[in-house]
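Please read the structure below before turning to the comments.
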Amino acid sequence: MPSASLVFQSVVLGVLLGGLYALLAAGLTLYFGVMRVVMIAHSAFLILAAYLAWYAHRETGVDPLLTLFVTVPLFFAAGVAMQRLLLTRLRPATLTMMSVLLTFSVALVIEGLLGYVFSGTQRRIRLDYSSAGFEFLGARIAAVKLIAFGMAALALLGLYALMKHSRFGQALRATIQHREAAQLLGIDTDRVAGYGFGLGLATAAVGGTALALDTTIYPSLHWHWIGPLMAIIVVGGLGSVPGAAIAAMTLGMLQSLLQLELSTTWAQTVFYVALFATLAFRPQGFFGGRLAQRF
Amino acid sequence: MPRDSEAPLPAGEASLPASEVSLRAGGTQLRAGETPFWAGRLPRLGILLAVVAVVLSFPSMAPSPYEITVGIAILNYAVLSTSWNFVGGFTGYISLGHGGFAGLGAYGTGLLVTKTELPPFAALFTAAVLVAAVAVPVGYAALRVRGASFVIVSIALVLILLLVFQSWSSFTGGSRGLVVPRPFPGMLRAEHHRTFYFLFAALLAAALLVWWIIDRSRFGMGLKAIREDEDKAQSLGTPTYTYKLVVFVVSAAFTSLAGGLYALWFGDLDPVFQFSILSGAYMVLMALLGGVRHLYGPVLGAVIVGYALEYSKVEFGDTPLHLVVAGLLLGVVVMFMPDGVIPAATALLDRFRKTGETSIREVTAAELRERRGQRNGTEEVRDSERSGSGSGTGTGSQT
C-alpha cells in the first residue's frame with residue numbers, strides 16, 4: 001500500500017492532467033454538437049500545435065506560451081475552413097460515418113507531414129523554469145504542470161463564458177439544440193456551425209501548447225491521446241460538455257492513481273475499460289442527454 | 001438539408017417507362033425462346049474464369065520470387081478487405097479496428113504453434129475460433145451503439161490490444177516480436193512463397209463465396225435493410241441486433257484467418273505492425289475505393305491500393321510520406337466517390353450504352369426519398385408527404 005503522501009501526490013497530478021483532458025474533450029464535444037461529427041484529427045492538431053510551439057522555441061528562443069497568439073487564430077481559421085470546405089460537402093445521410101473517415105485521413109496526413117518535416121525523433125522543450133516546482137501539503141508540483149493546468153482552466157472558463165453570456169454563444173447553443181428552430185429565428189446556422197468548429201480546433205491549439213511544456217512529443221503521439229479522449233466523451237455522454245469535464249477529471253485521476261500500482265501502459269487501459277463498461281451497461285453515457293441516445 | 005436537394009437529379013420520371021419497356025422486351029424474348037435466362041450471365045462468367053485463370057497462373061509467370069511476394073501481399077489485402085466488407089458493406093457500420101482482429105489471429109496462431117505445439121493449420125483454425133469468441137463480447141458492446149460510437153469502439157479495440165501485447169512481454173514477446181516457425185520446414189523459399197500464394201487465393205475464394213451466399217440470402221437482405229434504415233428494419237421485425245452480431249463475428253473470423261495465414265507465411269510478428277490502426281484504415285480504404293456494395297469491390301480496391309503501397313515502398317523507401325499518400329487517397333475517396341470505382345465506372349459505361357435501367361434495382365433510402373419527392377399526382381403527393389415526415393424522423397435519428 002503506497003503512503004498517503006504518495007496517494008495525495010497522485011491525486012494532484014490526476015487533477016492537473018484531468019484539466020487538460022477536460023479542455024480537449026470540450027473541443028470534441030463542440031464538434032459533435034454542431035455537426036454530429038467525431039473529429040479523429042483533434043489530437044493530431046494537438047500534436048501539431050505542440051510541434052509549432054517547440055519549433056518556434058528552438059528557432060527564435062521565444063517562450064512557447066507566446067506561440068498561442070499565432071496558433072489559436074490559425075487553428076480557428078483552419079477549423080472554419082475544414083467545416084466549410086470539407087465536412088459540409090459530405091452527403092447528409094452518411095455524414096457521421098464518412099466524417100470519421102475524413103477526419104481520420106486528415107490525422108494521417110498531419111502525422112505523415114510532421115514525421116517528414118521534423119523526423120520521427122522525440123522532441124522536448126527545455127525551459128529555464130522546466131525544473132522549477134514547489135511543495136504543496138507534502139506533494140511536489142512542477143511549475144510547468146501547473147501552468148498547463150492554468151491554461152486549460154482559463155480556456156475552459158473562457159469557453160464557458162462565451163457560450164453562456166454572449167450573443168454568439170446563444171446562437172451556437174441554439175444551433176446545437178435545434179438547427180431548424182435556430183434558422184427560423186434568423187440565425188445563420190451554417191456560419192455559426194463553422195465558428196463552432198473553429199472554436200473546437202482552437203482548444204487543440206491551447207492544449208497542444210500546454211502539452212509541449214512538459215511532455216516529450218513525437219509524430220505518432222496523437223494515437224495515445226485520441227483513445228482516452230474518445231473514451232471520455234463516450235463515458236460522459238456524447239454532446240455533453242459538463243459530462244465530458246466530469247468524466248475527464250474522474251478518469252484522469254483514476255489513471256494517475258493506478259500508476260502507483262501498475263506500469264504507465266497498463267494504467268492507460270482504464271480509459272478503455274471504462275469505455276467498454278459504459279457501452280455495455282449505459283450506452284448513452286453517464287451524463288448525456290437526449291442527444292446521446294442515438295450514437 | 002439544403003445539400004440534399006443539390007444531389008444529382010433522380011431519373012425517376014425517365015426510368016419508369018424505360019423499365020417497363022425492358023420488362024416487356026424481356027417477356028417477349030422469353031416467349032420466343034431465343035435466349036435462355038442464363039445468357040446474360042455468360043460474359044460475366046467468362047470474365048470471372050479469365051480472372052481466376054490469370055490469378056492461378058500468376059506464380060508460374062512471375063519472373064522472380066519477389067513478384068510472388070507482391071502477389072501474396074495483394075491477396076492478403078484482398079482477403080482482409082473482403083472480410084471487412086462483411087460488416088462495412090452489408091450493414092454500413094464502418095470499423096477502423098479490424099486490424100486488431102487480424103493481429104489477434106496472427107498472434108493467436110503464432111502463440112498456439114509455439115506454446116502448445118499444435119500443428120500449424122490446426123492452430124490457424126483454432127485461433128480463428130478463439131477470435132470469433134472474442135468478437136462476441138466486443139460486438140456486444142460495440143453494436144449497441146450506432147455510427148460514431150461504433151467507430152470509436154473499433155479504434156479503442158486496436159489501441160487496447162496494442163497496449164496489452166506490448167506490455168505483456170512475458171507471454172507475447174512484447175516489442176521484441178514473436179517468431180513463428182514455418183509450417184513446411186523442408187521447403188525452399190520460392191516454393192514456400194508459391195504454396196502460400198495458393199493458400200491465400202483459396203482463402204480469398206472462400207471469403208468471396210460466403211459473401212456471395214449471404215448477399216443472396218434472407219439474412220443478407222436483413223443486413224442491407226439495417227444499412228439503409230435501421231429503425232425501419234427493426235420495426236418490420238428484422239432482428240437487427242442478432243444479425244449485426246452474427247455478421248460481425250463472421251467478419252472477425254475471416255479477418256483472423258487472413259492474419260493467421262500471414263503469420264505462418266511471414267514468420268515474424270511485431271505488435272506495432274499487427275495492431276496498427278493503419279492496417280484497419282487500409283481495409284476501409286480498399287473496400288470504399290472498390291465499392292462496398294459489390295462482391296469484387298474490395299478485391300479491386302486491394303489490387304489498386306496494394307500495388308500502389310508495394311510500388312511506393314520500392315520507390316520511396318520507408319518515409320512517413322506513405323501516411324500522407326494513404327490519408328490523401330482516403331480523403332479523396334470519401335469526398336468524391338464514397339460508392340467506389342465500380343459504381344463510378346458502371347455509371348460512366350451506362351451513359352454510353354444507355355441500357356442501365358432494369359426492372360429491379362437496388363436503390364438507397366436517400367435516393368428513394370428524393371425520387372418520391374419528385375413524383376406528382378394526388379396519391380403520390382400524399383405518399384411523399386408521409387414519406388417526407390417519415391424521412392424527417394429518419395434523418396433525425398441518423399444525424
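Residue numbers begin at 1 in each chain, while the letters A, B, ... track the order of the sequences.
Contact count against chain A (heavy-atom pairs under 4.5 Å) is highest for B/I277 among B/V158, B/I155, B/L329, B/I277. Among A/R91, A/E111, A/Q268, the residue with the largest count of heavy-atom pairs under 4.5 Å with chain B is A/R91. Among A/L102, A/T278, A/V37, the residue with the largest count of heavy-atom pairs under 4.5 Å with chain B is A/L102. Looking only at heavy-atom pairs under 4.5 Å with chain A, the residue among B/L96, B/V284, B/V325, B/L328 that has the most is B/L96. Chain B forms the most heavy-atom pairs under 4.5 Å with one residue out of A/Y272, A/Y116, A/F281, and that residue is A/Y272.
Of the atoms belonging to A/R179, not a single heavy atom falls under 4.5 Å from chain B. Heavy atoms of A/V38 lying under 4.5 Å from chain B belong exclusively to its side chain. Residue A/I40 touches chain B through its side chain alone, counting heavy-atom pairs closer than 4.5 Å. Proximity to chain A is limited to the side chain of B/L288, based on heavy atoms less than 4.5 angstrom apart. Interface residue A/L275: only side-chain heavy atoms are found under 4.5 Å from chain B.
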> What's the verdict on ring-ring contact (aromatic ring centres under 6.0 Å, His included) for B/F275 and B/F101, showing C-alpha distance, side-chain angles and the deciding distance?
Replying inline: CA-CA 8 Å; B/F275 299 102; B/F101 290 126; over 10 Å; no

>> Set out, in order, the CA-CA distance, both residues' side-chain angles and the distance that settles salt bridge (charged side-chain N to carboxylate O under 4.0 Å, His left out) for B/K224 and B/E230, then state yes or no.
In response: CA-CA 9 Å; B/K224 284 186 254 180; B/E230 193 165 343; over 6 Å; no

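Taking the ring centroids of A/F271 and A/Y21, they lie under the 6.0 Å cut-off.
A donor-acceptor pair under 3.5 Å links the side-chain atoms of B/T172 to the main chain of B/F165, judged by distance alone.
When side chains are defined from C-beta on, B/W84 counts as touching B/V292, because their heavy atoms get closer than 4.5 Å. Taking the side chain as every heavy atom from C-beta outward, A/L48 and A/L114 approach each other to under 4.5 Å. Residues A/V80 and A/R191 have side chains not in contact (no heavy-atom distance under 4.5 Å, counting atoms from C-beta outward).
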